[in-house]
Amino acid sequence: MSSSNPTEPVATAATGGVSTEIRYTPAEIEPRWQQRWAEQPDLYAAEPASSGKSKYYVLEMLPYPSGQLHMGHVRNYSIGDALARYMWMQGHNVLHPMGWDAFGLPAENAAIKNNMPPRQWTTSNIAAMKRQMDRIGFSYDWRNEVTTCLPDYYRWNQWFFIRMFERGLAYRKKSKVNWCPECATVLANEQVIDGRCWRHEDTIVEQRDLEQWFLRITNYAQELLDGLDKLEGWPEKVRTMQRNWIGRSEGAEVEFAVEDASSAPEDERSTRDKGTTVLPAREDATTNGKITVFTTRIDTIFGATSIQLAPEHALVKEFAAQDTKLASEVEALLDQQKKAREAGDIGEIEKHGVFTGHYAINPFNGERLPIWVANYILADYGTGAIMSVPAHDERDYEFAKKYGIEIRIVILPRRVESEKGEAAQDSLPYTDEESLLINSGEFNSLGNKEAQQKMAAFAEEKGFGKATITFRLKDWGVSRQRYWGTPIPMLYCEKDGIVPVPDDQLPVLLPDNVEITQQGGSPLSKLPGFVNATCPKCGGPARRETDTMDTFVDSSWYFYRYTSAKYDQGPFDPAAAQYWFPIDQYIGGVEHAILHLIYSRFWTKVMRDLSLIKNDEPAERLFTQGMVIKNGAKMSKSKGNVVSPDDMIGRYGADATRMYSLFAAPPDRDLDWQEDGVAGVSRFLGKVYRFVMKHAETARSVSATDTNVADATSQALLRKLHQTIGKITEDFAGRWHFNTCIAAIMELLNAYTAADAEIGSGKVPATTVKVLLENLVLLIAPFAPYLAFELWEQLGQEQNILRAPWPAFNAELAREDEIEIPVQVNGKLRAVIRVAAGADDETIREAIKADAKVQAAVVGKEIVKAIVVKGKLVNIVVKG
RNA sequence: GCGAAAGUGGCGGAAUUGGCAGACGCACCAGACUUAGGAUCUGGCGGGGAAACUCGUGGGGGUUCAAGUCCCCCCUUUCGCACCA
């Protein structure tokens, strides 16, 4: 560090250029302010509702306390911090909190690796990251810090869970669930990405049959979908992803009676391998069961030529039980699926199927349809069974071609109706919605939409079907066979069954000193002291649930807790939540578009139905920032391209580091980290520092009686200043292109330094100098808080700069009094003329005529016309 | 395969509404100062050309007085969806 004391700079009055003897030393300035800020716990404190100010809740996604802040965090939080500071300066009451998503698997893995209890590991990581955050100078209101692994937080997870249980929103069922062998626990559907674990992208997720707790998010499927239309402040991309995930589709369920196999003629049963055809209705057929299919195209039901079941379908098991050959064939199908999944080939695998030897009856026409088992039928979508209409469905067509199943056309495009089947043969499968029915009995010649309605109504009337809506969204599996999470507050009693822990016994504390092994498998179950409990109903012995909750439960409502983090009468103070919600601006990575953001929306709706809050959605606006890239790849340990924030801060200062993260790219785009760029921003901050320090004395010396003389230089500088104020103010209102905001401040400073001599010589009045310097510092305050606080004080201001009003844009001062007008001839630039801003056409015409270059370009040619774009451009069109 | 976003100097990026392409910064070049410093200041910096000019925003066509921006076709990259009946 320099030996000179930057707080008492030697200001040289030398003409030309900025002094070389004032040094910008962030390594000295930043720790000094950090110290001072630490002594003012209320500096960033939100005020109560009674403050009378308008509220602004700016929130960034809370981090997992890994122990190291990474550049993605720095970028995310620098965006939020700039916004929070700007909003304070705009006079709002700002809530800008931070917390820790502190439960989760890494703590357990670290415990195994370092032989350190998860709580200790987590706590020390939080301390380290908090230190880093404070070092960068983020404006968090730590009084409302939330740490999800503390009992005063997770007790409310338990409280919510019990409320949901009471309302039937939390339930237990045995089903196929996703199992990550690496995590040694179950995962929710949302945590499986392309068949792999969201945490371990190389680990194939297995299917296991387990009894689990689920939250009934599907109860809110329609509302979650509808709400997306109203979330106009959310990126379209996120809304689309959520719509896809919810996956609503309208259609109908139709029951097909299964023909009793024993009553089928012997020759049919024995010829199962010979392929299948649709058979005419048999008078004597009896049934022993039903297959319910889901279809979005009931209008094509007369074209159904087979029934296809998922290999996991219950009826397939029945059939296989009596048919060992079928059993082994189905086994082979399942095996193929499994292999394909392991090969990472999750999408379309080749279609295979087996005829079961059984038939079902099409209730619309009584036809007997062969029942097949096929690998392209998903067990967990719809009913796991379909009617196959090869003529009008891509997949069914492919399958039918392969196995020689009949293809029957039952719809035609409207325009070729007269040509009947002939023309349509060439374009199979014909799947367009706009169509007319043929070969469909009484429904012939109906339009396809009309047919869908009428046929669903017909099915309902006759009692074998109805119009239904199917969602892809499944209930949220929240049980985790791990230690470091919220204990699920449930008891199992021999006599009373499943019994929730009474509210007055909450929280169910997560015991410390648990041995954690690689195997996972509910470590809590190995603690008799935890497992053995008393049934609150009968007083008899009960067994405690030993699974813990998915950590996405923690992050589904943490932002409500921020409004009253010490509240102990409920999860949060309802009055505080009502004041602060919805969140005005939420900022985070797009990787949570489905996971966290859909769970959070669900939780909000549940809380609303519990009358805890009134808002339907958690956040008014959502912003998803881009990734931080280096050398063309996302920063990661394995790529070895990680840049440490501490290292950057040490070298260039916190202001330069965070400002670079805003300057290098617009916040929604990926950011390419280039260290030279950080150095450049640091250099710029140094210029600001030296310029302001050099002229600070002039600004400080201004007395109230001094008047402003409107000299040309001052006017030009004030004009530039107000143009900059206008630009930045506008950007904060929505566009958020902070990169160009910072560029605009750089331009402003360039204008100042170009006039350095006039400013230093007194040609620019001291009152103007004061205005110029103060506004420069105010404009930079959201981006470089250390420098802004320092210079604000150096300018003689005693008030905290965050309480200083944001500069007011003055359009009058910003207006140019002389403008440049490019003059084109046939669209090519020939000259640029300068005229007074309000100049009339005649004046402009004269100026153009007088211009030699324009003359040269038009001489000897016929002027066809001249396009004059007022105040913008002139284009002269010539011929010849 | 379907959908979305993007493609602009050596690099990051700017051009918000069809109106001077390349703001701002980095790198680089030249110069100044100099107790040679990775400090600071000044100037230059898309390609071609001595210049006048001319070419130029992934490629090809089009609309227009005027296109990075609008329309059509194609290529590349990233992201999302992907047997959802």
Side-chain angles (χ1 to χ4, degrees), chain A residues 2 16-24 194 235-238 240-241 243-245 247-249 251 293-297 300 308 346-351 374-378 380-389 393-396 398-399 470-472 590-591 593-594 626-627 629 651 660 663-666 668-681 683-684 686-687 690 727 730-731 734-735 737 739-747 750 753 756 820-832 853 856 864-869 871-878:
Chain A
S2 160
V18 171
S19 162
T20 58
E21 289 166 53
I22 305 171
R23 293 184 83 94
Y24 169 57
D194 290 337
E236 195 50 55
K237 180 185 162 107
V238 172
T240 302
M241 285 169 74
R243 278 191 198 102
N244 288 341
W245 187 258
R248 180 186 199 270
S249 68
V293 307
F294 174 73
T295 177
T296 55
R297 296 299 304 271
T300 65
Q308 301 288 342
I346 288 306
E348 285 168 48
I349 55 174
E350 206 197 322
K351 292 178 178 47
N375 64 348
Y376 73 99
I377 308 305
L378 305 173
D380 60 359
Y381 182 76
T383 58
I386 65 151
M387 60 176 202
S388 175
V389 185
D393 182 281
E394 299 274 357
R395 300 148 298 179
D396 296 345
E398 189 189 331
F399 190 86
T470 294
F471 291 95
R472 200 180 80 125
V590 75
E591 65 273 15
I594 313 245
M627 285 189 300
I629 302 285
R651 252 189 269 199
Y660 173 75
F663 177 66
D668 55 326
R669 291 247 292 263
D670 285 350
L671 182 156
D672 191 78
W673 194 271
Q674 296 184 2
E675 195 171 323
D676 285 338
V678 190
V681 171
R683 209 144 47 216
F684 163 67
K687 283 186 219 174
R690 285 190 301 276
K727 190 249 177 310
E730 198 183 319
D731 250 292
R735 205 174 69 128
H737 278 201
N739 55 329
T740 59
C741 291
I742 293 164
I745 300 173
M746 289 172 170
E747 282 189 63
N750 288 345
T753 50
D756 187 63
E820 290 187 334
I821 296 183
V823 183
Q824 300 178 333
V825 176
N826 284 353
K828 283 181 179 154
L829 184 70
R830 291 299 170 212
V832 179
K853 285 196 170 169
V864 180
K865 60 175 167 177
I867 285 115
V868 180
V869 186
K872 281 272 190 184
L873 168 144
V874 174
N875 190 11
I876 302 165
V877 186
V878 299

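The chains referred to below are lettered A, B, ... by the order of the sequence lines, with proteins before strands, and numbering in each begins at 1.
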If you only use heavy atoms from C-beta on, which nucleotide in C11(B), C24(B), A14(B) is closest to the side chain of Gln674(A)? C11(B)

Given A85(B), G25(B), C65(B), identify the nucleotide with an atom nearest to the side chain of Lys865(A). C65(B)

Going by purine N1 to pyrimidine N3 plus the second Watson-Crick contact, or the G-U wobble pair, all under 3.5 Å, which nucleotide sits opposite A82(B)? none

Would you say the side chain of Met627(A) lies within less than 4.5 Å of the side chain of Leu671(A), judging by non-hydrogen atoms? no

Could you tell me whether G47(B) is syn or anti, where syn means a glycosidic angle within 90 degrees of zero? anti

Heavy-atom nearest nucleotide on RNA chain B taken for Asp380(A) and for Lys237(A); more 5' hit belongs to Lys237(A)

Take the angle between the ring planes of Phe294(A) and Tyr381(A) and call it parallel below 30°, perpendicular above 60°, tilted in between. perpendicular

Base, sugar-phosphate, or nothing: which does Glu394(A) touch, judged by heavy atoms less than 4.0 Å apart? nothing

Are any of Tyr381(A)'s side-chain N or O atoms less than 4.0 Å away from OP1 or OP2 of A85(B)? yes

Could you let me know what U17(B) is paired to, Watson-Crick or G-U wobble, both distances under 3.5 Å, or none if it's on its own? none

Whole-Å gap separating P (A14(B)) and CZ (Arg735(A)): 8 Å

Grab the CD-C1' distance between Glu398(A) and G1(B) for me, whole Å please. 12 Å

Hey, which sits more toward the 5' end of RNA chain B by its nearest nucleotide, Arg830(A) or Asp672(A)? Asp672(A)

Between Arg472(A) and A82(B), is there a side-chain N or O to OP1/OP2 distance below 4.0 Å? yes

Under 4.0 Å: is that the gap between some side-chain N or O of Asn750(A) and OP1 or OP2 of G25(B)? yes

I want to check something: taking the side chain as every heavy atom from C-beta on, are Asn750(A) and Phe684(A) in contact at a cut-off of under 4.5 Å? no

Quick check on A85(B): is either OP1 or OP2 less than 4.0 Å from any side-chain nitrogen or oxygen of Ser249(A)? yes

If you take all heavy atoms of Glu350(A) and Asn375(A), which pair is closest and at what distance? O-ND2, 2.8 Å

For C70(B), which nucleotide is its Watson-Crick or G-U wobble mate, given both distances must be under 3.5 Å? G62(B)

Looking only at the side chain of Arg683(A) (C-beta and beyond, no hydrogens), which of the listed nucleotides A39(B), C53(B), U16(B) gets closest? A39(B)

Over all strands shown, is Ile377(A) touching base, sugar-phosphate only, or nothing at heavy-atom distances under 4.0 angstrom? base

Geometric cation-pi criterion, Lys351(A) with Phe399(A): 6.0 Å, 45°: no

Please report the distance, rounded to the nearest Å, between CD in Glu350(A) and P in A82(B). 22 Å

If a protein heavy atom is under 4.0 Å from the base, mark B; if only from the sugar-phosphate, S; if neither, -; do that for nucleotides 18-23 of chain B going 5' to 3'. -BB--B

Determine the contact category for Gly382(A): base if any of its heavy atoms lies under 4.0 Å from a base atom, sugar-phosphate if only primed atoms, P, OP1 or OP2 are that close, otherwise nothing. nothing

Donor-acceptor pair, Tyr660(A) side chain versus Trp673(A) backbone, under 3.5 Å? no

Any donor and acceptor pair, going by atom type alone, linking the side chain of Asn875(A) with main-chain N or O of Ile867(A) inside 3.5 Å? no

Nearest of C53(B), G80(B), G13(B) to any side-chain atom of Arg669(A)? G13(B)

